[in-house]
Amino acid sequence: QRLHTESGSASPETFISDLLSDDWEIRLRARYRLVSLGQQAVAPLRKVAEYDRTPLRKTILWLLENIERRPVVSSQPHS
């Protein structure tokens, strides 16, 4: 089974679907990748979190909390 988390071009939605995998390693890597995507992952995660009945709700809220705690790194050089 190919891991979505090994692909550098996978979308946040792909990693969100990986959170439902039966394989704990895929779920763990998906969490890591979503947090490392930072703000790019926020909107897709919030969209899924809107559904109270999703089995991922607690995990997604945890991911959002961790993403929002991370410092924003500017790609512009300091002056």
Side-chain angles (χ1 to χ4, degrees):
Q1 179 178 4
R2 184 172 175 272
L3 300 176
H4 292 130
T5 54
E6 290 177 354
S7 170
S9 63
S11 68
E13 293 82 6
T14 301
F15 297 128
I16 292 168
S17 69
D18 282 350
L19 293 172
L20 291 169
S21 173
D22 290 335
D23 186 326
W24 69 270
E25 287 184 83
I26 293 174
R27 293 191 311 269
L28 181 66
R29 289 180 185 169
R31 287 179 182 210
Y32 173 81
R33 290 290 303 183
L34 285 162
V35 172
S36 68
L37 285 173
Q39 292 302 311
Q40 183 183 351
V42 169
L45 284 167
R46 284 192 178 145
K47 185 176 180 181
V48 175
E50 288 175 5
Y51 299 101
D52 287 337
R53 294 181 181 220
T54 180
L56 297 177
R57 186 163 168 67
K58 287 183 181 182
T59 300
I60 288 173
L61 293 175
W62 180 87
L63 288 165
L64 286 167
E65 182 179 317
N66 280 276
I67 290 168
E68 291 168 357
R69 276 197 231 165
R70 289 182 63 160
V72 176
V73 178
S74 174
S75 60
Q76 298 179 6
H78 292 84
S79 322

For Arg57, the side-chain contact (heavy atoms from CB on, under 4.5 Å) test, sequence neighbours excluded, returns Ala49, Asp52, Thr54, Leu61
Interatomic distance, Leu34 atom CG to Leu64 atom CG [nearest 0.5 angstrom]:
9.5 Å
Nearest 0.5 Å, what's the CD1-CH2 distance between Ile67 and Trp62?
9.5 Å
Look up atom CG in Leu63 and atom CZ in Arg46, then write down how far apart they are to the nearest 0.5 Å.
12.5 Å
Has Arg27 got a side-chain atom pairing as donor or acceptor with Asp22's backbone, closer than 3.5 angstrom?
yes
Can you name the residues that form a side-chain contact (heavy atoms from CB on, under 4.5 Å) with Pro44, not counting sequence neighbours?
Pro12, Glu13, Ile16
Donor-acceptor pair between Ser17 and Thr14 side chains, under 3.5 angstrom
no
With the side chain counted from C-beta on, respond yes when Thr59 and Arg31 share a heavy-atom pair under 4.5 Å apart, and no when they do not.
yes
List the residues meeting side-chain hydrogen bond (donor to acceptor under 3.5 Å, both in side chains) with Glu50, not counting sequence neighbours, and say none if there are none.
none
Residues passing the side-chain hydrogen bond (donor to acceptor under 3.5 Å, both in side chains) test with Arg53, sequence neighbours excluded, are none
Can you list, by chain and residue number, the hydrophobic cluster partners of Leu28 when the side-chain cut-off is 4.5 Å?
Trp24
Between Val48 and Tyr32, is there shared hydrophobic-cluster membership here, with clusters defined by ILVMFWY side-chain heavy atoms closer than 4.5 Å?
no
CG on Leu19 to CD1 on Ile60, rounded to 0.5 Å:
6.5 Å
